[in-house]
Amino acid sequence: MRAHFKAMTQIRNIAIIAHVDHGKTSLVDRILEAAKVFKEHEVMGELVMDSNDLERERGITIVSKNVSVMWKDTKINIIDTPGHSDFGGEVERVLNMADGVLLLVDAFEGPMPQTRFVLQKAIELGLKPIVVVNKVDKPNCTPDIAQEAVFDLMFNLGATEDQLDFPTVFGSAKQGWMGEDATKPTGNIDYLMEQVIEHIPSPKVGEGPTQMQITSMDHSPYTGRIAIGRLFRGTLKTGQAIVMIKRDGSTTRGKLKELYLFEGMGRIKVEEIPAGEICALVGLEGFEIGDTICDAEFPEAMKPISIDEPTMSMLFTINDSPFFGREGKFVTSRHVRERLEKELEKNLALRMETTGLSDSFQVFGRGVLHLSVLIETMRREGYELQIGQPQVIIKEIDGVKCEPVEDLTIDLPEEVHGKAVEMVTARKGEIVNMGPKGDRMLLEFTIPSRGIIGLRNLLLTATAGEAIMSHRFKAYEPYKGPISGRQNGSLISMAPGEAIPYTLSNLQDRGKFFVNPNVAIYEGQVVGENTRAGDMIVNLTKTKKQSNVRSSGTDDKIRIAPALNFSLEEALEYIQADEYVEVTPQSIRLRKTFLKEHERKKLGKV
């Protein structure tokens, strides 16, 4: 057993909280550098903590991760949390492992909606914060105003006097320095590390028999499932007999085969784990997140982890389009069901229900981003599936029909803010606050979750791509009434074949197209957006009539506007109730639920 694990005062468990893109993962990179986790011959990559491809592309943290560093004689366990409220299921269980938080705030933007979401959870758990005002090298930034805004936010969230008496550190994670004055760069981040050791309390160890809560899990192809959590009381030893208490109160007995502690980016095998440590256990079967591992003779369960309920659902079904099986490896309903069941084990905020059909599943999540990350991951793993229109979950509370309402923040140029206000209020949004921020405007609204679906595309079009929109779940409130959906209808392909450039050119005045020339299409595929309301059937496979007579001027150059390419989220927010998004490893297509025109007409008459 290593010496630095013996004294409990030598451990600090901290979580890092920040809004998307405020520099959280970059700060962890600097901490790893300062603690010399990587040897001189090892090359350290950028954004080490965002290890999954999707996280690197989107620049966001989706799954929380642990890393541990030694600073002087103290071991610091760092937990990187997701910043987006759609991943709230990750955030809540992770904060249970920490004793304090580093609240990272952009010196220009100040605290943002997702910062508020995670900070609220941390304050409710009584964690001690240290505020880090990052990106002080940005032009026109206001670090002091950002610090005051954090104080006001904490006060509004009901922080205690001890929490409000927080130390503030200024600096730039990108340039690699932190200090007590924003105008005096220090050249390193030692000041921040000293503040962590001075202000974050060492783990509180309760009296009594062994107690540990499983807060996340990992999987190894060699040892199977690995339980990760924090040991609150007692000690754990290799070979120790334990009792596992499930959420429903049932118990199972087991034995610990191997114990691991976190060190740097990896884990080291140990024989014994003291209370207060974050550790990984091998040898347990059938565990779930939230289960308690207790002493075999005196089992005592811990309070289960509470997770916010899902607010949105989507229908997942197998790909039955004419192009099924061309790109994906996993195309059957069994494959899709097994993959969703595997995801349910570790994705706490996700729910799944079967429908009356064997090949369709209703999947519930925290928002479009939460579910689209799952769909994108499945797509990259080789799955083919179709997704229905996102539906908001309506509840009845005390006999009143209620729907989820969100806080929406839009940051956009001052001259176009009138359009944004008009768009949001048309979707039953109510303006809460409005103020200038440099040459831009910051608008705050409350809006039903239904109103947010499809809003981003409209806003970006109206503001020439300048609007920055973020939102977070607020509460369930009485139903606000109907919201008008997409005004324009769809252009639907009449026949299978290839999209002929000549036809695309002639039909351009009918609407915008989603397919490029010479791309294979099928009957019932949504190939574009109509300029008017109502769907229109078009035949893109029709070629130019050939004749023996050569006429002058008929072979002019064809000019075709580029096709609109949707990202997965944009496609999900765009479709109507009678349409699906077809997702395969290489393509995203839109289609009608019923491909044949006579089937759609028959349904329209019913």
Side-chain angles (χ1 to χ4, degrees), residues 50-63 82 84 86-87 89-90 219 310 312-347 349-352 355 359-391 453-454 456-457 514-516 519-522 524-527 563-575 579-593 595:
D50 281 349
S51 51
N52 133 359
D53 289 345
L54 262 178
E55 293 183 321
R56 285 173 181 272
E57 280 170 33
R58 291 165 182 258
I60 58 173
T61 303
I62 295 169
V63 183
H84 201 285
D86 274 13
F87 307 107
E90 288 279 331
H219 189 273
M312 199 162 279
S313 73
M314 289 183 198
L315 183 76
F316 280 49
T317 181
I318 59 165
N319 184 11
D320 60 0
S321 83
F323 293 171
F324 82 95
R326 290 191 181 184
E327 297 171 7
K329 289 186 293 194
F330 309 111
V331 294
T332 66
S333 59
R334 179 177 63 84
H335 286 134
V336 174
R337 186 178 60 247
E338 284 175 358
R339 178 64 182 82
L340 289 172
E341 284 169 352
K342 185 178 157 198
E343 187 68 26
L344 287 171
E345 286 185 358
K346 61 177 190 295
N347 197 332
L350 204 68
R351 306 265 189 287
M352 182 177 86
T355 60
D359 58 4
S360 301
F361 311 95
Q362 200 71 33
V363 179
F364 301 85
R366 292 278 297 161
V368 173
L369 181 62
H370 181 207
L371 291 168
S372 71
V373 164
L374 166 63
I375 298 162
E376 184 66 43
T377 309
M378 287 175 70
R379 177 186 168 204
R380 291 178 185 212
E381 289 169 2
Y383 287 84
E384 284 193 11
L385 62 156
Q386 292 180 146
I387 315 295
Q389 187 187 33
Q391 301 291 336
I453 296 173
R456 191 182 302 268
N457 285 355
F514 307 151
V515 290
N516 285 310
V519 166
I521 56 173
Y522 55 81
Q525 183 175 338
V526 176
V527 291
L564 287 175
N565 287 327
F566 287 114
S567 71
L568 181 57
E569 273 112 274
E570 286 166 352
L572 290 168
E573 291 186 349
Y574 179 81
I575 56 172
E579 293 169 355
Y580 281 152
V581 177
E582 179 192 345
V583 180
T584 64
Q586 273 125 45
S587 320
I588 293 174
R589 298 184 194 92
L590 310 186
R591 54 158 283 184
K592 286 289 175 186
T593 309
L595 298 178

* Under 4.5 Å between any side-chain heavy atoms of T593 and Q386, yes or no? -> no

* Asked: Do the two ring centres, one from F316 and one from F361, sit under 6.0 Å apart?
  -> no

* Any Lys/Arg nitrogen of E338 or K342 sitting under 4.0 Å from an Asp/Glu carboxylate oxygen of the other? -> no

* Asked: How many angstroms lie between CD in E376 and CG in L371, if you round to the nearest 0.5 Å?
  -> 13.5 Å

* To do: Give, for atom CG of L385 and atom OH of Y580, the distance between the pair rounded to the nearest 0.5 Å.
  => 11.5 Å

* **Side-chain heavy atoms of L374 within contact of L340, under 4.5 Å** => yes

* Start with the C-alpha distance between F566 and V581, add both sets of side-chain angles, then the distance that settles side-chain contact (heavy atoms from CB on, under 4.5 Å), and finish with yes or no. => CA-CA 11 Å; F566 287 114; V581 177; over 6 Å; no

* Just wondering, are more than 12 heavy atoms of other shown residues or ligands nearer than 6.0 Å to CZ in F324? -> no

* Asked: CD1/I375 to NE2/H370 distance, rounded to the nearest 0.5 angstrom?
  -> 10.5 Å

* Asked: Would you say the side chain of Y522 lies within less than 4.5 Å of the side chain of R591, judging by non-hydrogen atoms?
  -> yes

* Asked: Do M314 and V363 have side-chain heavy atoms sitting under 4.5 Å apart?
  -> no

* At their closest point, which heavy atom of I588 faces which heavy atom of A571, and how far apart are they? -> CG2-CB, 4.1 Å

* Of all the heavy-atom pairs spanning M312 and P390, show the shortest one and how long it is. => SD-CB, 4.0 Å

* Structure fact -> On a heavy-atom basis, the closest approach of E384 and P585 is CG-CD, 3.9 Å

* If you measure from CZ on F364 to CZ on R351, what distance do you get to the nearest 0.5 Å? -> 9.5 Å

* Any side-chain heavy-atom pair from R337 and M352 closer than 4.5 angstrom? -> yes

* Verdict with supporting geometry, V583 and M378, side-chain contact (heavy atoms from CB on, under 4.5 Å) -> CA-CA 9 Å; V583 180; M378 287 175 70; over 6 Å; no

* Tell me, do T584 and V331 make a side-chain contact under 4.5 Å, heavy atoms counted? -> no

* Asked: Going by an N to O cut-off under 4.0 Å, is there a salt bridge joining E381 and R339?
  -> yes

* Atom CZ in R379, atom CG in L568: separation rounded to 0.5 Å? -> 7.0 Å

* List the atom of G365, the atom of L350, and the distance in Å for their closest heavy-atom pair. => CA-CD1, 4.4 Å

* Side chain proximity check, E343 to T377, heavy atoms < 4.5 angstrom -> no

* Taking atom NZ of K592 and atom CD of E579, what is their separation to the nearest 0.5 Å? -> 3.5 Å

* Asked: Between S360 and T355, which heavy-atom pair has the shortest distance, and what is it?
  -> O-OG1, 2.9 Å

* **Close side-chain approach of I387 to L315, heavy-atom, < 4.5 Å** => no

